[in-house]
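Report on the structure given below.
Since the structure is predicted, the reported quantities are computational estimates derived from the model, not experimental observations.
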Amino acid sequence: MKRLDLIYQKFLDFGPGKKISASELAEMLGLSRANVSSDLNKLWKAGKIEKADGRPTLFFAKQTSETLYNTETALDRLAKGNKSLLTPIEQAKAAVLYPPRGMHCLILGETGVGKSGFAGLIHEFSIDIGRLDKDAPFVVFNCADYANNPQLLYSQLFGVKKGAYTGAENDRRGLVEKADGGILFLDEVHRLPAEGQEIFFTFMDKGTFRRVGETEVERTAQVQIISATTENPESSLLKTFIRRIPMVIKLPSLVERGMEERFGILINIFREEAFRLGREIQISASAIHAFLSYHCPNNIGQLKTDVQLTCASAYADFISLKKKQLEVSVQDLPHHVKQGLLLAKERKAALEELVGRDHKSFVVQPTQDSISIERETEDTANSVYEKIEQKIQELRNQGVSEEELEFDIENYFTRFIKGVNKRINKEDMSRIIDPIIVNLVEEIVRYAEARLGKILSQKVIFGLALHIQTSKERLAHGKQITNPHINSVRIKYKKEFAVALECVRMIEEAILMDLPIDEAGYLTMFFVLDDESLQQERETVGVLVITHGSGGATAMVDVTNRLLVTDYAKAIDLPLEEEYMKVLEQAIKLAREVGSSAGLLLLVDMGSLLGFGEIIEKEVGIPVKVIPMVSTPHVIEATRKAMLGHTLEDVYRDVSSLSSLTVMQNEEQPKQEPAQELAPALAIVAACLSGEGSALFLKRMLENRLRYDSQLVEIIPLQLIDKAQARNQLKQIKNERKVLCIVSNYMLDKELRCYGMDDVLNGEALQDIQQMIDLEEAFMKMVETLGEHLTMVDSRRVLGDVRACIGRMEERLHNVLVFDTRIGAYLHVCCLIDRLKAGLPTVDYAEKESFLAENRRLYSIVRHELQLIEDQYEISIREDDVCFIMNFFLHNKTLV
């Protein structure tokens, strides 16, 4: 009960004659006087209590001749968040209010739906509205206990007179007498034999009864009878008994109540456990998914039991591990609840909408109604540049000296090169890194070794190759390269810096790009590092692929291992007829073989396999990350990065961002003007090996299951009998229009997103494809809309630039904006650019200083990515404007 409700209830208990001050009430309730005084004024303003003049101010309940039904009752509180119970609640209210003393009720429902609890709330409601006294009894009788002994049943219900039978040494009241002035609840009334039902006829009709052994005395009692049964009353109860119960209330099962109500029930149960244990409980999002999805035949009763078992398991870990809070994760769930993770695929969209996509855990407090949410956080650094930039900013904020900053940069380079945990020759390197860069690095190494008189180790050579490839990609996407300590590096390592300058020139000629002098500072670090500290070998991340169907995972892994000439990646196929638990056991066994202390990356095709990650993590005892919607490019990238010795976090981050990078590359392709296009501007390619007939079938299926404007999007069938010809056809299509994705089991173009036919046939990929179509259609329409409002810039050009800019922010922040938020961000930044070009003022951001202090890292990234926009449009974006853009990422996804 909330504090405000507790205080108001106290006044109701006092009655209208009692006057009390805030200090007296605070002392009585053990609360803060300031809080009590604030709540009393709220109640007074709401017209619920009155106050008298004078000092100290005295408060008292309103004098009224009406019932208290104008206040919130127990049933009203139940109705909040439980829409499926609105009809039963109204029936219960009507039964209580019916003159002169209410109606008898029969509650129907499956085992565990909460019939006993509902009966108890009817009793509370009767007291809340003044129909029953505050101390009115609520007596519970389980009919099953006396189903086979009608005589003993009679004595329990109506009592015994002294001497009625051997052993009856005293008069004894029955349950009917004990319930006088209140409610008698008959649970499992279907177990009441016919004789027992007949016993109630006279009492229900006239309100009179006799104790066992009495013949002359007739007793009376005013009792409302509420009965409950799981059976069909027409077949289990006498018709004469049913006729005396005019109000029949049906309670819905847990399935009928829907997922939203189930979530509310679940959180309330966890809150009850938190109150009972006196500690807050943190529940992982995966555990919530399992509880919302598993088969729970015994409804709320079973759900409550399973939650208690789970909390007991987690509490044991809490005590033994001395944790600061009680943490519930998948490994604490009973086995049958864990299986709910395998059923979650059927309700993935509903779960994400209800629970949230990026929520890591939920925390319930023993004394609060609200719940707090912990979201997933990712390390935004995706190369040595971001690692150093991020760390330098953090250290500067902490007041670290320049000397310490330089030392830390060297440590980061050491870790970067340590990530290469194998001695890789030229042939292996060329399979993973662009051959042009491989040849370039060979030339750089020969030059540097001759000038510096030292031999560079294989690990430093390979680290240098990775670094140059990253530099090329960074520049290609419009990102700057800056070195905050280039001057100190040049002074400290003069000879190496001079060599690095010449190497920069060599790189520029090879990749046909201009490099800033800052790059020489980075190259210098590769030449000065002592390789003796890099010799320690370390374990690498395992890669395991699991997909539905026969051969899907095996095919992707086979392609990957052949391209990389290795057997690093492993696969498990999940035939549709196979049991999930058997596959899980197989996955755990294989994870023990391929995984290590460095962790395991699990790549799966459907949401139903997402739950494997936490289970494997618990069983094998290694960190596990899960990538959904896997495709062959994902497997190749994961295996390549894992073989190079990248950490699990790095591999997971880079593979997750693979799709967004592909979209960014597509956006940089030249776009045709709509006026010059005879065909739709967008295309989806459906390619099949078996010929054009299968491709046409796939095209028709996509047309039937996707929503799109045929004037903007066309689905093009393509046969793969001649793959060289198919690639040429695809290239021609790409020259004419933008290709959103390819639906095929074969990779035709590594730059395009590809979905396997199994993913499309079973519907798992359709949501992703639909989202791409929606975004592109919205983009097209936004060009027209902005064209009518923007006066200083071209709508098509500015929208394309802003889209690329927001995409870079999403990539670095690993925070992909939801559809509506992304559209809002596009419009906001486009209009901002137009206003700044026109010289119009922009709005100040309230409490800017504190906001920036709390979000320094986010500000640094957003500010950095906006620099290209400022240069392109010759504008200056204020800190206030950056703050408004930051909010799109801070409030991207919230739980209502």
Is any side-chain heavy atom of Ile300 less than 4.5 Å from a side-chain heavy atom of Arg257? yes
Let me see the working for Val223 and Ile183 under side chain to side chain contact (heavy atoms under 4.5 Å, CB included), right down to the final yes or no. CA-CA 6 Å; Val223 179; Ile183 292 175; 5.9 Å; no
Hey, does the side chain of Asn82 reach the backbone of Ser84 with a donor-acceptor pair shorter than 3.5 angstrom? no
For Arg822, check salt bridge (Lys or Arg N to Asp or Glu O under 4.0 Å) against everything at least two apart and list the hits. Glu810
Does the Asn815 side chain pair with the main chain of Phe889, one donor and one acceptor, at a distance under 3.5 Å? yes
Aromatic plane relationship, Phe263 with Phe362 - under 30° parallel, 30 to 60° tilted, over 60° perpendicular: perpendicular
Result of checking His335, His336, His289 against Tyr294 for ring pair (Phe, Tyr, Trp, His ring centres under 6.0 Å): His336
Would Lys19 count as a cation-pi partner of Phe60, with NZ or CZ less than 6.0 Å from the six-membered ring centre and within 45° of the ring normal? yes
Can you tell me if Glu256 has over 12 outside heavy atoms packed within less than 6.0 Å of its CD? yes
All heavy atoms of Leu326 vs all of Cys311, minimum pair found to be CD2-O, 4.4 Å
Main-chain N/O of Asp306 paired to Thr310 side chain as donor or acceptor, under 3.5 Å: yes
With side chains defined as the heavy atoms from C-beta onward, is the minimum distance between Asp187 and Thr229 less than 4.5 Å? no
I'd like to know if Asp128 and Lys134 make a salt bridge, using a cut-off of under 4.0 Å between side-chain N and carboxylate O. no
Side-chain (Ser860) to main-chain (Arg856) donor-acceptor, under 3.5 angstrom: no
Can you name the salt bridge (Lys or Arg N to Asp or Glu O under 4.0 Å) partners of Glu188, sequence neighbours left out? none
Note, Ile107 side chain near Val248 side chain (heavy atom, < 4.5 Å): no
Does the Asn299 side chain pair with the main chain of Leu254, one donor and one acceptor, at a distance under 3.5 Å? yes
Lys338, NZ atom: more than 12 neighbouring heavy atoms under 6.0 Å: yes
Specify whether Tyr845 and Phe884 have parallel, tilted or perpendicular ring planes, treating 30° as the upper limit for parallel and 60° as the lower limit for perpendicular. perpendicular
To the nearest 0.5 Å, atom CZ of Phe118 lies from atom CG of Leu85 at 6.5 Å
Check: Glu124 and Thr73 side chains under 4.5 Å, non-hydrogen atoms: no
d(Ile226 CD1, Lys115 NZ) to nearest 0.5 Å is 13.5 Å
So how far is it from Ile885 CD1 to Leu890 CG, rounded to the nearest 0.5 Å? 12.5 Å
Decide, yes or no, whether a salt bridge links Glu177 with Arg173 under the criterion of side-chain N to carboxylate O below 4.0 Å. no
Stepwise side chain to side chain contact (heavy atoms under 4.5 Å, CB included) check, Leu251 with Leu108: CA-CA 6 Å; Leu251 295 184; Leu108 306 179; over 6 Å; no
Is it the case that Asp881 and Thr842 place a side-chain donor and acceptor less than 3.5 Å from each other? yes
Measuring only between side-chain heavy atoms, which start at C-beta, is Leu184 closer than 4.5 Å to Gln224? no
Sub-3.5 Å donor-acceptor pair from the side chain of Thr305 to the main-chain atoms of Gly301, do we have one? yes
Should Phe318 and Arg279 be marked as a side chain to side chain contact (heavy atoms under 4.5 Å, CB included) after you check the CA-CA gap, both sets of side-chain angles, and the distance that decides it? CA-CA 11 Å; Phe318 169 75; Arg279 298 184 181 277; 3.3 Å; yes
Glu90 versus Leu75: any side-chain heavy-atom pair under 4.5 Å? no
Would you please indicate yes or no on a ring centroid separation below 6.0 angstrom for Phe59 and Phe11? no
N/O donor-acceptor pairs under 3.5 Å from side chains in residues 847-854, not counting sequence neighbours:
from: Lys848; atom 1: NZ; to: Asp880; atom 2: OD1; distance (Å): 3.4
from: Ser850; atom 1: OG; to: Glu847; atom 2: O; distance (Å): 3.1

Quick check: do Val307 and Glu273 have side-chain heavy atoms less than 4.5 Å from each other? yes
Any idea which heavy atoms bring Pro88 and Ile249 closest together, and the distance? CB-CG2, 3.6 Å
Checking Glu327 side chain against Ala314 main chain: does a donor-acceptor pair fall under 3.5 Å? no
Roughly how far, to the nearest 0.5 Å, is CD of Glu110 from NZ of Lys250? 6.5 Å
Side chain proximity check, Lys80 to Asp76, heavy atoms < 4.5 angstrom: no
How close do Gly340 and Ser293 get, counting heavy atoms only, and between which atoms? O-CB, 3.2 Å
dist Arg271:CZ -> Gln365:CD (nearest 0.5 Å) comes out at 9.5 Å
Minimum heavy-atom separation for Pro137 and Lys178, please, with both atom names. CG-O, 3.3 Å
Compare every heavy atom of Gln302 with every heavy atom of Pro297, then report the nearest pair and how far apart it is. CD-OE1, 3.2 Å
Has Lys83 got more than 12 heavy atoms of other residues, nucleotides or ligands less than 6.0 Å from its NZ? no
Working note: Asp180 + Arg219, criterion salt bridge (charged side-chain N to carboxylate O under 4.0 Å, His left out); need CA distance, chi angles, decisive distance, verdict. CA-CA 11 Å; Asp180 187 19; Arg219 302 175 182 273; over 6 Å; no
If you measure from CG on Leu31 to CG on Asp39, what distance do you get to the nearest 0.5 Å? 8.5 Å
Please report the closest heavy-atom contact between Phe203 and Ala221, naming both atoms and the distance. CE1-O, 3.8 Å
Is there a side chain to side chain contact (heavy atoms under 4.5 Å, CB included) between Ser227 and Ile245? Walk through the geometry before answering. CA-CA 9 Å; Ser227 51; Ile245 304 178; 3.8 Å; yes
Looking at Arg863 and Val882, would you say the former's side chain and the latter's main chain have a donor-acceptor pair under 3.5 Å? no
Within the distance-only criterion (no hydrogens, no angle test), does the side chain of Asp332 pair as donor or acceptor with the backbone N or O of Ser329 below 3.5 angstrom? yes
If the plane angle is over 60° it's perpendicular, under 30° parallel, otherwise tilted; pick one for Phe200 and Phe158. tilted
Centroid-centroid distance, Phe291 to Phe270, less than 6.0 Å: yes
May I ask you to check whether over 12 heavy atoms, not counting those of Glu261, lie within 6.0 Å of atom CD? yes
Would you check if the side chain of His104 reaches a backbone N or O of Ile225 as a donor-acceptor pair within less than 3.5 Å? yes
